[in-house]
**Q** 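Got a structure for you, questions after.
Per chain, numbering begins at 1; letters A, B, ... match sequence-line order.
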Amino acid sequence: MRIGIPRQTAPGERRVALTPDVTRKLVDGGHTVIVESDAGRRAGFTDDEYRDAGGEVGPAAEAWSADFVATVTLGDPLPDLGPDAVLLGLLRPFDEPDRMRRLAETGATIFAFEAVPRTTRAQTVDALSSQATAAGYQAALEGATAADRFLPMLTTAAGTIPPAKVLVLGAGVAGLQAIATARRLGAIVAAFDVRAAAAEQVESLGASFIDLDVERQDETQTGGYAREVADDTQRRIMDGLAPHVAAADVVVTTAAIPGRPAPRLISKAMVEAMRPGSVIVDLAATTGGNCEVTRPGETIVHGGVTIVGDTDLVSRVAHDASRMLARNVASFIDLITDDGSLRLDFDDDIVAEACIARDGQIVHPRLVQEG
Amino acid sequence: MRIGIPRQTAPGERRVALTPDVTRKLVDGGHTVIVESDAGRRAGFTDDEYRDAGGEVGPAAEAWSADFVATVTLGDPLPDLGPDAVLLGLLRPFDEPDRMRRLAETGATIFAFEAVPRTTRAQTVDALSSQATAAGYQAALEGATAADRFLPMLTTAAGTIPPAKVLVLGAGVAGLQAIATARRLGAIVAAFDVRAAAAEQVESLGASFIDLDVERQDETQTGGYAREVADDTQRRIMDGLAPHVAAADVVVTTAAIPGRPAPRLISKAMVEAMRPGSVIVDLAATTGGNCEVTRPGETIVHGGVTIVGDTDLVSRVAHDASRMLARNVASFIDLITDDGSLRLDFDDDIVAEACIARDGQIVHPRLVQEG
Amino acid sequence: MNVTVAGYLYLVAAALFIFGLKRLSSPATARRGNQLAAAGMLLAVVVTLTDRQIVGYGTIVAGLVVGSGIGAVLARRVEMTAMPQLVAAFNGFGGGASALVAAVELLRDPASPLRTLVTIALSALIGAITFSGSFVAYGKLQGIVSGKPVTYPGQRFVDLLIALGTLGVAGWLATTGSPTALWAVLGASLLLGVVRVLPIGGADMPVVISFLNSLSGVAASMAGFVIDSNALIISGALVGASGLILTNIMVKAMNRSLGNVLFAAFGAEAAVAGPGAGEKTARSATPEDVAITLAYARSVIIVPGYGLAVAQAQHVLRELASALESRGVDVKYAIHPVAGRMPGHMNVLLAEADVPYDQLYDLEDINPEFDHTDVALVVGANDVVNPSARDDPSSPIYGMPILDVDRAQHVIVVKRSLSPGFAGIDNPLFYLDKTMMLFADAKKGLGEVVSAIAEL
Amino acid sequence: MNVTVAGYLYLVAAALFIFGLKRLSSPATARRGNQLAAAGMLLAVVVTLTDRQIVGYGTIVAGLVVGSGIGAVLARRVEMTAMPQLVAAFNGFGGGASALVAAVELLRDPASPLRTLVTIALSALIGAITFSGSFVAYGKLQGIVSGKPVTYPGQRFVDLLIALGTLGVAGWLATTGSPTALWAVLGASLLLGVVRVLPIGGADMPVVISFLNSLSGVAASMAGFVIDSNALIISGALVGASGLILTNIMVKAMNRSLGNVLFAAFGAEAAVAGPGAGEKTARSATPEDVAITLAYARSVIIVPGYGLAVAQAQHVLRELASALESRGVDVKYAIHPVAGRMPGHMNVLLAEADVPYDQLYDLEDINPEFDHTDVALVVGANDVVNPSARDDPSSPIYGMPILDVDRAQHVIVVKRSLSPGFAGIDNPLFYLDKTMMLFADAKKGLGEVVSAIAEL
Amino acid sequence: MAELLIPITVFVLASFVGFEVITKVPPTLHTPLMSGSNAISGITIIGAIIAAGEDVGAVAAVLGFLAVTFATINVVGGFLVTDRMLEMFKKDRP
Amino acid sequence: MAELLIPITVFVLASFVGFEVITKVPPTLHTPLMSGSNAISGITIIGAIIAAGEDVGAVAAVLGFLAVTFATINVVGGFLVTDRMLEMFKKDRP
Ligand SMILES: NC(=O)c1ccc[n+]([C@@H]2O[C@H](COP(=O)([O-])OP(=O)(O)OC[C@H]3O[C@@H](n4cnc5c(N)ncnc54)[C@H](OP(=O)(O)O)[C@@H]3O)[C@@H](O)[C@H]2O)c1
Ligand SMILES: NC(=O)c1ccc[n+]([C@@H]2O[C@H](COP(=O)([O-])OP(=O)(O)OC[C@H]3O[C@@H](n4cnc5c(N)ncnc54)[C@H](OP(=O)(O)O)[C@@H]3O)[C@@H](O)[C@H]2O)c1
Ligand SMILES: NC(=O)c1ccc[n+]([C@@H]2O[C@H](COP(=O)([O-])OP(=O)(O)OC[C@H]3O[C@@H](n4cnc5c(N)ncnc54)[C@H](O)[C@@H]3O)[C@@H](O)[C@H]2O)c1
Ligand SMILES: NC(=O)c1ccc[n+]([C@@H]2O[C@H](COP(=O)([O-])OP(=O)(O)OC[C@H]3O[C@@H](n4cnc5c(N)ncnc54)[C@H](O)[C@@H]3O)[C@@H](O)[C@H]2O)c1
């Protein structure tokens with residue numbers, strides 16, 4: 001099978017969908033890999049490394065016209081795909097359904113990582129998890145760097161500096177990683193989530209869970225994801241969080257509900273109650289932000305509080321994020337090939353569920369219903 | 001005694017020489033504290049907090065005309081001091097001797113933290129240490145944040161990410177703190193220094209020491225500081241470091257020799273041998289940088305390698321750095337006051353050695369000789 | 001042989017028994033201890049054969065030859081798993097021998113003084129109980145007699161009657177020396193042994209055997225009083241006392257009391273079975289079992305899982321690993337890519353406990369090693385070591401790569417219960433013969449294992 | 001009293017001694033053990049007084065009264081620090097009594113059979129050596145005799161001569177029963193005791209006393225053979241054997257061998273003295289000493305310093321703290337602002353070992369607590385606990401605030417030697433009476449303390 | 001009871017030794033230890049030999065023969081099987 | 001030597017008990033244990049009482065008196081001083 005790896009064109013995007021080491025594995029497995037020139041440069045991989053690994057380096061058109069194309073995201077304009085093309089990537093199908101429909105019209109078979117089920121078996125294909133890991137790690141670091149305080153406790157001749165307080169809202173994959181990273185740095189970490197299982201998970205990282213008196217959602221019925229909460233619950237959550245936000249030196253917010261705008265957890269007033277010099281890193285910025293003040297894509301200072309709304313956090317760890325993504329891509333290729341050639345097996349639940357469109361038709365139930 | 005705390009005017013400087021909590025202690029000790037309006041704002045302290053602590057908030061002139069003025073650094077132009085004034089701060093006397101001489105002409109008594117001896121008893125006054133602590137911590141964080149890799153090892157469904165390699169050059173106060181911070185984040189840390197005692201100190205933080213075959217300096221004869229090395233030693237060091245630099249994902253350099261330009265440890269060629277995406281944080285940028293490519297005050301990218309030459313790293317932890325500095329200031333005030341009023345005791349070795357100029361004369365031996 | 005010399009040689013034999021027993025209680029020296037004791041026994045037998053005024057060697061030699069043959073064949077042939085019941089049988093033979101010695105002595109001189117008759121009666125009584133009781137225990141372990149406690153209404157009353165009757169005839173024997181009384185004592189005691197052991201469940205048999213063994217020691221001691229032999233008195237007392245202590249240790253390890261095991265066990269035995277476990281049973285182990293299995297291993301692979309994080313047991317795990325390493329055990333950590341609840345969860349934990357990176361192994365690197373690893377120690381992991389992901393195409397997690405812990409010699413799993421992990425499915429690993437379950441919170445359980453290792 | 005009853009009562013007394021000794025070897029039960037043994041002794045004395053055919057009670061009562069008075073007064077009056085020498089003296093009296101018993105027996109019947117004479121000779125010999133040896137030990141400890149080993153050229157040869165002579169007269173006594181020989185044996189043995197103990201240094205006296213105690217047990221046992229008393233034989237053998245084991249344990253704790261202590265100690269005693277320590281000596285402790293001091297404390301404050309970091313001992317320190325906490329000891333960490341070599345150095349270490357923040361105390365918060373703290377455990381810290389910074393205006397570090405560990409009840413310092421810290425100055429803390437030094441690399445030393453605590 | 005004083009003294013002392021000797025036995029050694037001490041309790045073989053060596057009629061002879069046989073089974077089998085169990089602890093450490 | 005068989009048996013067994021009873025003694029207990037076992041070795045007081053109770057002349061009487069006195073000092077003083085030492089371990093733990 002010919003595998004095409006185009007260079008990313010979305011602004012700020014530094015990742016690449018395949019790395020030289022994974023390229024070698026695929027080539028050894030009988031595939032041909034065509035990498036667009038400079039595709040890996042911003043993630044720290046040179047064209048030469050791809051060549052050394054057995055890949056071919058070529059122009060964009062060649063990468064895009066392969067049997068199977070793996071991209072990180074979709075830029076503007078949408079690529080021209082032939083009806084036989086197979087595309088895989090973080091395509092944001094539920095956030096940008098219209099672009100998806102337009103892409104479907106090409107007749108190509110389209111797989112989105114966002115639609116991969118969150119099952120145990122699917123974990124090697126789960127790019128949402130791998131990229132959220134990077135996002136959570138980077139978010140904690142950005143918060144620590146931007147804060148005007150030390151995270152760890154320091155007892156020095158010039159007095160004792162107490163440890164900083166870090167608050168993490170939303171304890172999914174990214175949130176947990178942010179917790180772990182802040183804990184490594186020595187901060188006192190607290191976290192909140194609406195999922196029932198989150199409390200134990202937060203505590204399993206040595207952080208404390210903020211127990212607000214709101215219904216805990218049983219995630220097992222929703223594929224692991226949280227549901228939107230009622231308005232009054234929302235208000236109760238915000239009221240409950242207010243003192244914790246005010247006391248925090250660094251807040252990392254990651255709360256998300258797939259295909260919905262991010263839940264609002266921090267109001268402008270709550271930001272203004274924070275100590276000048278403290279920081280909010282809003283990982284939900286892409287879907288509107290968990291914080292009222294967040295400006296997606298920007299870092300702003302509001303009343304002395306820095307609010308990081310940058311949407312390229314994952315790209316700041318492009319090298320390792322690409323490595324993980326590349327493994328996800330390779331694992332997916334494993335699922336859809338047989339002895340080096342394409343064989344789409346829609347009986348496999350991962351392949352079936354990940355498919356957004358084929359034969360010119362949107363097939364994913366969520367998009368079909370909505371459309 | 002009237003203590004004046006002016007607002008900092010040097011560009012990028014966010015620290016303040018006194019914090020509200022230390023203000024309260026001094027006020028309780030019978031002093032009057034005059035804080036220039038907004039002096040603490042950029043370090044996260046409001047004028048109200050100073051007022052609550054018993055300080056007076058006033059214009060710049062009032063702060064500068066106090067009996068004793070504590071500043072972080074000196075801005076441009078130099079302040080007007082009366083002959084009775086007593087000034088304390090991080091004044092860079094050995095780096096900017098001419099400005100010091102001009103200031104001395106005012107007849108004021110001038111103390112520089114840089115001249116405080118590095119003795120056990122002097123540690124509470126040792127602002128170089130406290131600020132280097134902040135610098136080292138922040139440098140490691142900046143390096144981690146700017147790197148396109150994870151620092152810790154991560155075993156995930158999308159493969160195992162090996163831990164990043166961090167290299168610290170110069171294991172003084174800042175270097176050791178950088179080592180500790182990188183280790184907290186899970187990196188594999190190696191370090192180098194020319195001082196004989198450094199190896200044990202580096203290892204006491206769980207990092208490994210790079211043992212190049214160069215003479216180890218016995219620091220006990222030079223007040224704890226390193227001396228300049230001969231040119232050929234310099235070359236041997238650079239040759240020895242080259243493979244370590246090339247393999248590192250993050251390099252933090254802190255090597256310094258008081259009053260001299262920073263030793264050159266990383267050449268342009270060595271930078272070019274690094275993997276694109278890796279980072280150098282050059283804490284020695286103020287004195288020219290340990291890296292040939294460093295541009296003081298700027299972050300640049302050279303051949304894919306980010307070189308952070310920013311000179312305001314300490315100001316990025318302004319809040320806690322100010323807290324520590326304030327304790328140093330208060331400890332110094334303790335040494336020069338008796339029952340709430342000024343009593344300069346030049347028999348005290350700390351007071352004597354810290355004094356740069358008085359009665360219109362430069363008195364510090366190092367500047368006297370040089371001048 | 002001079003009687004005095006013989007006396008001293010018997011003393012030497014007794015000393016060898018003492019040294020032997022002492023060594024038997026530590027794994028490192030146990031084998032040597034057994035050999036010492038055997039040497040002592042040989043010495044005692046040789047001395048007896050040469051010293052005493054023995055009229056006919058015929059029966060003796062015949063008995064020795066037949067007995068050695070049977071004993072040796074049984075001991076060599078038996079399978080490892082059948083050893084406990086064999087010990088029970090041997091014990092029964094020993095008790096029987098004591099009873100028979102008493103019988104012969106009585107027959108030789110029914111007009112012995114009272115104190116001799118008392119000891120004869122005791123020896124016969126205890127010997128016979130040991131004999132029949134041991135063989136019932138044998139039957140239960142071997143599956144010939146039902147392993148379940150055999151009970152019926154009024155049992156306690158009947159038992160009491162039999163016990164009183166036995167004591168009565170023993171009294172008769174002691175006061176009269178009548179051979180009839182002897183047969184009555186033997187009969188009643190045999191019966192008593194049977195009815196006392198039948199109601200006890202199979203799982204408690206080791207304790208019963210140990211207790212009967214202690215009794216048979218006392219019987220030997222009594223026989224020593226009868227024939228006035230210090231060697232018998234000392235050795236019998238030794239076994240009686242050490243057996244009692246051992247019984248007590250075993251009972252404590254089961255969190256029971258001896259009385260409870262011997263008398264109160266009329267209820268059914270509680271086997272640990274998980275939800276959906278069906279007929280399978282998991283073997284529950286004590287921290288001491290785990291400690292010794294780990295401490296005497298050459299190589300241990302530790303598999304941490306989400307439970308380790310929940311229990312925040314990373315530090316005590318690291319303590320355990322250092323304790324093992326300082327005993328020369330080779331310790332590695334196998335990190336499954338999805339162990340825990342977030343990518344890198346185990347890395348965070350182990351970094352906190354400062355486990356060196358070079359002890360951490362990825363799935364692909366470690367899986368080939370399980371084959372030649374003595375013990376896989378699974379701490380709070382479940383799905384990531386579930387063999388059905390590999391072997392059972394109908395499993396919802398079929399196809400997920402797992403850590404092949406089931407290929408190690410022994411598997412120890414530390415978790416609180418048999419309840420499933422994240423994927424919500426049962427784990428056949430827990431029911432393997434080679435698996436021991438330490439049911440405990442990981443922090444507490446591992447802490448106990450660490451203490452137990454320190455005491456080895 | 002019936003002889004048989006007396007015999008059984010003696011057996012009871014002996015059993016009480018056994019129980020007593022057993023309990024004496026664990027801190028929790030030691031006192032009760034001593035009382036049990038005393039009760040056994042009372043029983044034995046009462047039985048003896050009522051049982052034996054005693055002709056005149058006069059001397060006996062006089063002896064009992066005088067002896068009790070002296071014993072009680074000495075035991076009550078002595079200062080804590082003088083206890084070891086008192087034990088030596090008591091031991092000497094015991095040995096003397098055994099020798100005297102042998103003497104009286106000989107005088108009563110010089111024509112006793114050989115075996116009685118042999119035991120009389122042994123009893124006299126061992127008893128007299130114990131007597132004189134113990135009093136020399138007493139003198140050394142009390143400072144009456146020089147604590148230094150007394151040596152002269154040719155000593156070994158002279159000693160050998162005396163020993164051979166003693167054996168010779170003992171042989172003479174055993175074969176002839178001559179009273180002259182008795183006096184000769186007594187005299188020679190007394191001399192032998194003196195010359196054998198004089199060359200041993202004062203620091204080794206406890207071992208010598210323990211060994212002599214074991215000997216006096218053997219002497220009592222010999223006396224038992226003489227007067228045919230099982231009580232004496234058993235008790236004497238008990239003390240003889242347990243004393244030997246105890247001696248061995250003590251010798252091992254000093255990293256020596258018994259032979260080395262008794263014979264090879266002709267060299268000078270090595271006192272640990274630091275550079276510039278002048279006349280001061282630091283008290284070196286074993287990990288076991290440290291373990292028991294910590295384990296039986298109510299509150300412990302741990303003071304980490306640069307040495308902890310150098311040794312990378314943070315994890316084992318944390319293990320130690322958890323072991324103590326699980327025994328109910330209150331544990332805190334005192335962090336000096338400049339401990340280590342960089343600001344926050346200790347924080348980094350303790351965070352790595354996951355010590356909870358709320359157990360860390362600043363200098364100002366913890367200093368008032370040392371006064372009512374049982375033990376301050378200083379691990380690799382030096383300058384930050386140097387009292388001269390507080391007390392000695394001439395010290396280069398005078399004026400630096402320190403952690404007032406010297407105000408705690410006991411101070412334990414773990415470091416490799418007496419060498420100074422960063423500031424390069426001597427530390428008077430190490431030479432305080434209340435300070436024990438554990439000379440070891442912190443990781444190794446603390447590891448041994450942890451093991452020792454597990455074994456308590 | 002006077003004649004019993006000595007044997008009882010011996011019995012008591014031996015019991016103490018028995019109690020003391022077994023202190024902390026790890027669970028895996030429970031079975032071997034039980035088996036080994038069971039073999040020691042086969043010391044009754046001495047009594048059996050003496051009994052079988054006497055000439056007190058046919059019944060006694062049969063009983064004596066049985067006694068020796070039983071005791072020998074206990075002793076020989078006991079020590080051998082213990083040894084087999086202990087073979088599993090190959091890795092003897094000092 | 002035949003008469004010695006029994007006492008020697010007793011001696012050997014008692015020695016075993018003595019060896020076994022002392023297993024692991026923490027160093028702080030060394031002195032009290034030594035002191036306590038020293039008091040027990042004062043059992044020679046029995047011999048002393050018997051010796052002093054006999055009537056075999058003045059010398060023997062004096063020696064007997066001394067023997068009782070010495071032994072009593074050992075016993076009484078020994079147990080008392082041990083008790084004082086052990087008072088320091090107030091905090092008995094089970
Ligand atoms: N790594 C990831 O990124 C990620 C993310 C989401 C989901 N997952 C899933 O999580 C699972 C991870 O597998 P795993 O083997 O690590 O965990 P697991 O299968 O969830 O099993 C954890 C086991 O730990 C035990 N446990 C819980 N608390 C304990 C305590 N305090 N002490 C001792 N044991 C305790 C539980 O049994 P008891 O209740 O009987 O004690 C449970 O069976 C996989 O199914 C994976 O797909 C992973
Ligand atoms: N905190 C800071 O920022 C800073 C910076 C620079 C200097 N200082 C100075 O450093 C000193 C710190 O005081 P401190 O009490 O922490 O340390 P210290 O006074 O330097 O003493 C450390 C002690 O640790 C012992 N040690 C070294 N390695 C050891 C090992 N492996 N195991 C056990 N012990 C070991 C050494 O004794 P042995 O050799 O006998 O074992 C030494 O005496 C102060 O004088 C302070 O002024 C502090
Ligand atoms: N295959 C697997 O086994 C697997 C792999 C990875 C993740 N997961 C599971 O998938 C789930 C989702 O993880 P994710 O990181 O992708 O989630 P996500 O990005 O969709 O959401 C992030 C977190 O925000 C939380 N959240 C939503 N609304 C909130 C509100 N109003 N207030 C507070 N928190 C709110 C969610 O509960 C979630 O934990 C988790 O349960 C995770 O354990 C399973
Ligand atoms: N009072 C005290 O006891 C006290 C307090 C703080 C610091 N100190 C000591 O003061 C000394 C200086 O600390 P600092 O951080 O201010 O030093 P610094 O900022 O002057 O220099 C930083 C480090 O660079 C090193 N260096 C210089 N030239 C080098 C070269 N060519 N190659 C590699 N490394 C080179 C130096 O050895 C030093 O460790 C240290 O020894 C420190 O321990 C003592």
**Q** In terms of side-chain heavy atoms, does B:Q131 have a donor or acceptor partner in B:R15 at a distance below 3.5 Å?
**A**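 Short answer, yes.
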**Q** Are the side chain of B:E292 and the backbone of B:K268 linked by a donor-acceptor contact shorter than 3.5 Å?
**A** yes
**Q** Any side-chain donor-acceptor pair under 3.5 Å between C:Q359 and C:E325?
**A**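 C:Q359 vs C:E325: donor-acceptor pair found between side chains.
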**Q** Applying a heavy-atom distance below 4.5 Å, give me the residues of residues 333-353 of chain C that approach chain B, sorted by number.
**A** C:I335, C:H336, C:P337, C:V338, C:P343, C:G344, C:N347
**Q** Using modelled atom types and a 3.5 Å cut-off, is there a donor and acceptor pairing between side-chain atoms of C:D362 and backbone atoms of C:E364?
**A** no
**Q** Go through B:T155, B:L154, B:I161 and name the one with the most non-hydrogen pairs under 4.5 angstrom from chain C.
**A** B:T155
**Q** Which heavy-atom pair separates B:M238 from B:L265 by the least distance, and what is that distance?
**A**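 Looking at all heavy atoms of both residues, the shortest contact is CG-O, 3.4 Å.
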**Q** Is C:I425 close to C:N427 at the side-chain level, that is, under 4.5 Å between some pair of heavy atoms?
**A**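 They are not in contact (no side-chain heavy atoms under 4.5 Å apart), so the answer is no.
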